[in-house]
Number of protein chains: 2
Amino acid sequence: MEMQDQPCPIRDVLDRIGDQWSLLILQALAQRTLRFNQLSREIDDISRQMLSRTLKRLETDGFVRRTLFAEVPPRVEYTLTELGRSFLSPMQALVEWADTHHAQIRQSRRQARDIASDS
Amino acid sequence: MEMQDQPCPIRDVLDRIGDQWSLLILQALAQRTLRFNQLSREIDDISRQMLSRTLKRLETDGFVRRTLFAEVPPRVEYTLTELGRSFLSPMQALVEWADTHHAQIRQSRRQARDIASDS
DNA sequence: CTGGATCCTGGGCGATACTG
DNA sequence: CAGTATCGCCCAGGATCCAG
């Protein structure tokens, strides 16, 4: 089913950037253009596989621009598009909220665990 | 591996609210307290299974408070906690960005498809 | 250096049926 | 009314190997 031509925007967007890696990549590219291996080292626990896939999706969705230089060895640079840069603001709001409230969330989880173990 | 006591905040948070349903539930509860079946009707394409699971996780993480009334038939109300309400602001920023730029993203996807079909 | 192809596993999620 | 139990599918994501 689901033949809608206009899927719910927030769900559609979250399906893409809500994965494990997209936000980290966008953050890495927030300040500067980076090459593939630079990104790989910057994030470092991402597999090259997923880095490649996620970059391709971000490119398809217009967040990131990929530039291939015809050199040997090949060089590829990734940089944010206008759309990608416009996303930094709401993303930063989210990141800052996470930083501020992370401890509180973990505390809440611990309490839930402790209560559960009162069986 | 990954025995860290302090996981990356943004990843930890995204792992929870980056799923298919959490944001929709939080949005539904943004304005008013709701009962289980009200939520079920509000979102309407969520299974009761996932509504139950997601609510429990949101409760565990401290976004939502669950209140059971000892009545017959039973009544359960869900409402945002202080933490949950504090999350509305960055969430709204994200939702508004999605609304504003959704068309552009879909356009970018279409272009990518068209170029790919030039094979 | 920058990827693609292939194989595999965990878990998110839905469907359905059952319960206090 | 407000859930839980069970089953099974699908696919994000890792590991590994191959290629331009």
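As the structure is a prediction and not an experimental result, all values here were calculated from the model. Convention: sequence-line order gives letters A, B, ...; per-chain numbering from 1.
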Write down the distance between [atom1] ([X]) and [atom2] ([N]), rounded to a whole number of angstrom.
{"X": "A/Asp15", "N": "D/dA12", "atom1": "CG", "atom2": "C1'", "value": "12 Å"}
{"X": "A/Glu71", "N": "D/dG20", "atom1": "CD", "atom2": "C1'", "value": "15 Å"}
{"X": "A/Asn37", "N": "C/dT2", "atom1": "CG", "atom2": "C1'", "value": "7 Å"}
{"X": "A/Ile25", "N": "C/dG3", "atom1": "CD1", "atom2": "C1'", "value": "14 Å"}
{"X": "B/Leu51", "N": "D/dT4", "atom1": "CG", "atom2": "P", "value": "11 Å"}
{"X": "B/Gln38", "N": "D/dG3", "atom1": "CD", "atom2": "P", "value": "13 Å"}
{"X": "B/Glu59", "N": "D/dG3", "atom1": "CD", "atom2": "C1'", "value": "13 Å"}
{"X": "B/Leu14", "N": "D/dA12", "atom1": "CG", "atom2": "P", "value": "16 Å"}

Full working for salt bridge (charged side-chain N to carboxylate O under 4.0 Å, His left out) between B/Asp19 and B/Arg53: CA-CA 12 Å; B/Asp19 66 0; B/Arg53 282 189 200 170; over 6 Å; no
Near-strand residues of residues 28-36 of chain A, defined as heavy-atom separation under 4.0 angstrom from DNA chain C: A/Arg35, A/Phe36
Donor-acceptor contact below 3.5 Å, side chain B/Thr60 vs main chain B/Lys56: yes
Side-chain donor/acceptor of B/Ser40 to backbone N/O of B/Phe36, under 3.5 Å: no
So, taking the atom named [atom1] in [X] and the one named [atom2] in [Y], what distance separates them when rounded to the nearest 0.5 Å?
{"X": "B/Ile43", "Y": "B/Thr54", "atom1": "CD1", "atom2": "OG1", "answer": "8.5 Å"}
{"X": "A/Arg109", "Y": "A/Arg113", "atom1": "CZ", "atom2": "CZ", "answer": "10.0 Å"}
{"X": "B/Ile10", "Y": "B/Asp15", "atom1": "CD1", "atom2": "CG", "answer": "10.0 Å"}

Phosphate OP1/OP2 of C/dT2 contacted by A/Arg66 side-chain N/O (<4.0 Å): no
Summary of protein contacts for nucleotides 4-20 of chain C, nucleotide by nucleotide, where a base hit scores B, a sugar-phosphate-only hit scores S (4.0 Å, heavy atoms): SBB------BBB----B
A/Leu55-A/Leu68 co-clustered via ILVMFWY side chain contacts under 4.5 Å: yes
Side chain proximity check, B/Met91 to B/Leu88, heavy atoms < 4.5 angstrom: yes
Return all side-chain donor-acceptor pairs below 3.5 angstrom for residues 73-86 of chain A, not counting sequence neighbours, or 'none' if the list is empty.
| residue | atom | partner | partner atom | Å |
| --- | --- | --- | --- | --- |
| A/Arg75 | NE | A/Glu71 | OE1 | 3.3 |
| A/Arg75 | NH1 | A/Glu77 | OE2 | 3.0 |
| A/Arg75 | NH2 | A/Glu71 | OE2 | 2.7 |
| A/Tyr78 | OH | A/Arg66 | NE | 3.4 |
| A/Thr79 | OG1 | A/Thr33 | OG1 | 3.2 |
| A/Thr81 | OG1 | A/Gly62 | O | 2.5 |
| A/Thr81 | OG1 | A/Phe63 | O | 3.2 |
| A/Thr81 | OG1 | A/Leu83 | N | 3.3 |
| A/Thr81 | OG1 | A/Gly84 | N | 3.1 |
| A/Glu82 | OE1 | A/Arg85 | NH2 | 2.9 |
| A/Arg85 | NH1 | A/Leu80 | O | 3.1 |
| A/Ser86 | OG | A/Leu83 | O | 2.7 |
| A/Ser86 | OG | B/Trp97 | NE1 | 3.0 |

Sugar-phosphate only, base, or nothing, as touched by B/Tyr78 at under 4.0 Å among non-hydrogen atoms: sugar-phosphate
